[in-house]
Amino acid sequence: MTAEDIKATVSRLSEEVAARNQDIDNLALIGIQRRGVPLAQRIARELGKGSVPVPVGSIDITLYRDDLQLVAETPLVRGSNINFDINGKTVVLVDDVIFTGRTVRAALTELLDFGRPQRVQLLVLIDRGHRELPIQPDFVGRFVKTKRDDLVDIYLEEVDGKDEVVLTRKG
Amino acid sequence: MALQHLLGIAELTREEILTILEQAKRFREVLDRPIPIVPALRGKTIVNLFFEPSTRTITSFTLAASRLSAQCLNFAVSASSAKKGESLLDTVENILAMRVDGVVVRHSLAGVPHFLARRVNCFVVNAGDGCHEHPTQALLDNFTLLERFGSLEGKRVLIVGDIAHSRVARSNIICLNKLGAKVAVCAPPTLLPVGVEHLGCEVFFRLDKILYEVDVVHMLRLQVERMGAGLIPSLREYRQFYGLTRERLSKLKPEVVIIHPGPVNWGVEMDYDVKEMPQTLILNQVKNGVAVRMAVLFLLAAGRGLLTEEAGSG
């Protein structure tokens, strides 16, 4: 995907979120560290045009991972930042890519330690399949058919200095 | 690189110290959450082996382990077979046979944590060994100072009191130097170890000569239980010459920070008035202690290294 593709996709996703959630005052976006956070901020900007700003938080699932024992080195914790009350809100969790579903599982567990939202929806830029848990996003930028060991690299301006999605086939 | 144990500040590089303190910031945020518990060390077991009395350190380590969802076993020496003559290594081997992942040890003899680290197959954290080191106390002290100042580069830190018996002072001098602070110590000659200046600090015998010029005053507890007789003439005289009294408070720099590792002998090393001053960060130190110990336990128990990028599972 090019920068233009990403821009158009974020715009369409924002419209879908707005259409599904008429009560925008009750909406909050929470990006999963790292690239889910700038995506959440972009969507919040689109949603905020001509209406109330939508609060944006970030969540770091490192301390909630179910595979710490499988990781050779200790991952560094980036920290979560949710400085608003999520009780009773509709929270849209935002991530760049969904693969096995384990990151989202961890994010949901962590989110519920911050409070009790009325409902949680999931938005991803890319769904590359290969789910290991029964988790499906509500909003998808693009489905990409991949093999399990393919690489999907997502670059975002705020983190990487450019907007691009690159699929690298293995074998 | 991989940090396998935390035995002393001397073994850590400046980068390792900063990594631990940076991670501690994240755990400080966890402590402020509605539910201040994360599942990071679920299934891990950590043993607190305290061969010396302790209240806040053992509580802090226990709380840190609990906040990370680890199981924590507190081994109190007064109720143990060590009282029946069991050797240190026997005690530890028996506990390790129960499958634990880490040992937090405090002992009156310097070097005990190093001795254990060479003989056990789990991580070891030094929670104070004799007059040698108390690394997590130094880390939490420096974390508290960094929280206030942002950087310690060039800050003047004065450590006052019983330097000779203080593992806190030793670890702090090393840590502060590694973080770029200028360290001075002040004590009666009888409470200063020979060659303390080689650790990297200026030495003063008169408090009033230096006190009013420094950015941080670190008051140490007078460790009466470790002292032989005759090191100071009396507690009253000690207070007069080395105590942070009401009279001295008024002459300190306005932005000065006052810390103390606790427990405080009020009326000896500090007058009670100090407790009420906004510059006094003793309770911040206690809270930060849990976050720093969470960071240390997480880094040691959850993997085999410090500096790596997160590999998300998607």
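Just so it is clear: chains get the letters A, B, ... in the order the sequence lines come, proteins before strands, and each one is counted from 1.
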Would you compute the distance between atom CZ of B:Phe298 and atom CG of A:Leu63 and round it to the nearest 0.5 angstrom? 5.0 Å

Got B:Thr19 and A:Leu76 here, is their nearest side-chain heavy-atom distance under 4.5 Å? yes

Tightest non-hydrogen contact, residues B:Ile37 and A:Tyr64, listed as O-OH, 3.5 Å

Ranked by heavy-atom pairs below 4.5 Å to chain A, first place among B:Gln23, B:Glu29, B:Lys25 goes to B:Gln23

Non-hydrogen atoms of chain B under 4.5 Å away: do they reach the side chain of A:Ser80, the backbone, both or neither? both

Which atoms of A:Glu132 come close to chain B, meaning under 4.5 Å heavy atom to heavy atom: side chain ones, backbone ones, both, or neither? neither

For B:Arg14, does the CZ atom have more than 12 heavy-atom neighbours from other residues, nucleotides or ligands under 6.0 Å away? yes

Main-chain N/O of A:Phe114 paired with B:Arg33 side-chain donor or acceptor, under 3.5 Å: no

Does CD belonging to B:Gln71 count more than 12 external heavy atoms closer than 6.0 Å? no

Does atom CZ of A:Phe84 have more than 12 heavy-atom neighbours, drawn from other residues, nucleotides or ligands, at distances under 6.0 Å? yes

Using the test ring-ring contact (aromatic ring centres under 6.0 Å, His included), find all partners of B:His5 that sit at least two apart in sequence or belong to another chain. none

